[in-house]
Amino acid sequence: MKAYKYRLYPTKEQSRKMHEICFLCSLVYNQFLEERREAWEIFGVSLSCYEQIKALPIKKEDDPRLKQVFSQVLQDVARRVDKTYQAFFRRVKAGETPGYPRFKPARRYDSFTYPQSGFSLKDNRLVLSKIGPVKIKLHRPMDGKVKTLTIRRQNGKWYACFSVEIDAVPLPPTGESCGIDVGLEKFATTSDGKIFDNPRQLRQAEKKLKQHQRRVSRRKKGSNRRKKAVRDLARCHEKVANQRRDLHHKVARSLVNRYDVIAIEDLQVKNMTPESPPGQEYC
């Protein structure tokens with residue numbers, strides 16, 4: 001499986017519909033979660049994913065707004081609730097801190113999924129059921145068979161995430177092998193002397209992050225100015241995260257292309273660093 005992520009540029013009306021779908025999906029998610037809790041606490045039975053999917057037509061009759069959402073998108077909401085419970089029971093069996101499934105407010109429900117159908121690509125448009133043709137930036141070709149499509153909202157932007165199934169193509173052997181030492185001053189050093197520098201993106205953006213954080217703390221809670229300041233702060237953090245991810249992918253690709261066998265120390269770098277004041281990081 002491989003994922004492709006593309007930026008979407010919806011119109012105001014399309015963006016409104018997508019926000020509405022996220023809200024309705026969060027509504028159904030919380031209803032399914034409440035039904036499972038009540039079924040267990042009152043009757044001592046566990047509802048299955050398919051039982052809740054079968055109840056969707058009744059929910060649409062009770063709340064006509066749900067007709068604005070593609071049927072398979074609502075079915076995927078039931079599967080998300082089921083996965084949440086499966087993860088909860090797995091943690092209980094493993095003796096970990098279980099963390100009972102919680103309700104999701106609409107502002108934190110940021111994606112919806114088309115599991116099989118309801119979408120198609122035509123020219124530079126992504127045609128979505130109940131939404132219409134949305135402009136998409138196909139910055140690279142997509143290979144393989146598309147299995148699912150997830151529409152994601154991130155810091156006021158919309159993205160299309162395609163999950164595709166492709167055949168694995170092995171790289172040509174090089175006959176080389178290496179060991180990697182991950183450090184603090186340098187990002188990584190290979191056994192044959194290759195050094196990857198640590199650009200320290202967080203340190204470089206620290207001044208700007210502090211400015212945005214102060215701006216958020218000075219705004220009145222619930223005001224539009226605070227919402228804008230929070231969005232600006234989130235975008236600044238997103239830029240740092242993207243820079244780090246880009247570095248990791250480039251370093252990993254260069255190592256995989258060059259070596260057949262790669263060995264890495266099993267060390268917790270976090271435990272090797274001196275204690276630092278809150279808010280400071282070493283990488």
Side-chain angles (χ1 to χ4, degrees), residues 1-3 5 22-23 25-53 55 73-113 115 147-155 159 161 163 165 179-184 187-188 201-202 230 233-234 237-238 240-242 244-245 247-249 251-252 255-256 262-283:
M1 301 299 295
K2 188 175 181 179
K5 185 177 179 181
C22 286
F23 167 75
C25 286
S26 70
L27 198 66
V28 175
Y29 182 95
N30 293 332
Q31 289 176 358
F32 282 155
L33 191 59
E34 180 66 19
E35 289 171 1
R36 289 206 175 202
R37 286 187 175 187
E38 291 181 352
W40 178 254
E41 293 174 357
I42 299 175
F43 303 104
V45 297
S46 297
L47 291 178
S48 68
C49 174
Y50 298 103
E51 287 174 334
Q52 292 189 310
I53 288 176
V73 172
L74 291 177
Q75 292 173 13
D76 182 74
V77 175
R79 296 187 184 95
R80 290 189 183 190
V81 175
D82 189 61
K83 290 178 181 177
T84 302
Y85 269 91
Q86 289 177 8
F88 167 72
F89 291 126
R90 175 184 53 79
R91 291 192 296 269
V92 170
K93 290 180 180 179
E96 304 173 1
T97 304
Y100 195 80
R102 297 184 296 177
F103 296 105
K104 284 191 177 183
R107 67 179 182 275
R108 293 184 180 274
Y109 201 98
D110 294 328
S111 66
F112 54 93
T113 300
K147 305 297 288 185
T148 63
L149 166 64
T150 298
I151 304 299
R152 186 174 300 278
R153 178 180 59 198
Q154 186 175 355
N155 297 330
Y159 297 91
C161 303
S163 178
E165 188 178 46
I180 298 177
D181 176 46
V182 180
L184 300 178
F187 180 71
Q201 295 95 342
L202 181 61
V230 169
L233 175 62
H237 277 292
E238 181 187 10
V240 175
N242 289 338
R244 284 179 161 181
R245 190 180 301 110
L247 172 67
H248 296 167
H249 281 294
V251 172
L255 292 172
V256 169
I262 301 174
I264 304 177
E265 292 180 286
D266 187 15
L267 296 176
Q268 294 291 336
V269 178
K270 180 175 63 176
N271 299 334
M272 300 170 61
T273 60
E275 293 185 3
S276 57
Q280 292 189 7
E281 298 184 13
Y282 282 82
C283 56

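Basis for what follows: all heavy atoms, side chains included, without hydrogens, waters or symmetry-related copies.
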For the CD1 atom of I151 and the SG atom of C25, what is their distance to the nearest 0.5 Å? 11.5 Å
Are any of the side-chain heavy atoms of N30 and K104 separated by less than 4.5 Å? yes
So with a 6.0 Å cut-off around OH of Y50, is the heavy-atom count from everything else above 12? no
Stepwise side chain to side chain contact (heavy atoms under 4.5 Å, CB included) check, L47 with E35: CA-CA 8 Å; L47 291 178; E35 289 171 1; 4.0 Å; yes
Taking all non-hydrogen atoms of both residues into account, name the closest pair between Y29 and T84 and its distance. OH-OG1, 3.3 Å
One should read off an interatomic distance between L247 CG and F187 CZ, to the nearest 0.5 angstrom, of 5.0 Å
With a 4.5 Å cut-off on side-chain heavy atoms, are D82 and Q52 touching? no
Taking the side chain as C-beta and beyond, is there a heavy-atom pair between V77 and Y109 under 4.5 Å? yes
Is any side-chain heavy atom of S163 closer than 4.5 Å to one of K2? no
In sequence, state the C-alpha distance, the side-chain angles, and the governing distance for E34 and F103, and then conclude on side chain to side chain contact (heavy atoms under 4.5 Å, CB included). CA-CA 8 Å; E34 180 66 19; F103 296 105; 3.1 Å; yes
May I ask you to test the R244-L202 pair for a side-chain heavy-atom distance under 4.5 Å? yes
Roughly how far, to the nearest 0.5 Å, is CG of D181 from CD1 of I264? 10.5 Å
Are any non-hydrogen side-chain atoms of L255 and I180 less than 4.5 angstrom apart? yes
Under 3.5 Å donor-acceptor, E51 side chain and S48 backbone: yes
For residues R153 and C22, determine if any side-chain heavy atom of one lies less than 4.5 Å from a side-chain heavy atom of the other. yes
Drop me the distance from R37's CZ to W40's CH2, to the nearest 0.5 angstrom. 14.5 Å
Run the side chain to side chain contact (heavy atoms under 4.5 Å, CB included) check on I53 and R79 step by step: do they pass? CA-CA 9 Å; I53 288 176; R79 296 187 184 95; 4.3 Å; yes
Please say whether the positively charged group of R36, taken as NZ for Lys or CZ for Arg, lies over the ring of Y85, i.e. under 6.0 angstrom from the six-membered ring centre and within 45 degrees of the axis. yes
Going from OG1 on T97 to CZ on R91, what distance comes out if it is rounded to the nearest 0.5 angstrom? 9.0 Å
Enter the distance from Y159:OH to K5:NZ here, rounded to the nearest 0.5 Å. 5.5 Å
Evaluate the ring planes of Y100 and F88, with Trp represented by its six-membered ring, and classify them as parallel (under 30°), tilted (30 to 60°) or perpendicular (over 60°). perpendicular
Begin from the C-alpha positions of S111 and R80 and carry the test side chain to side chain donor-acceptor pair (under 3.5 Å) through to its verdict. CA-CA 11 Å; S111 66; R80 290 189 183 190; 3.2 Å; yes
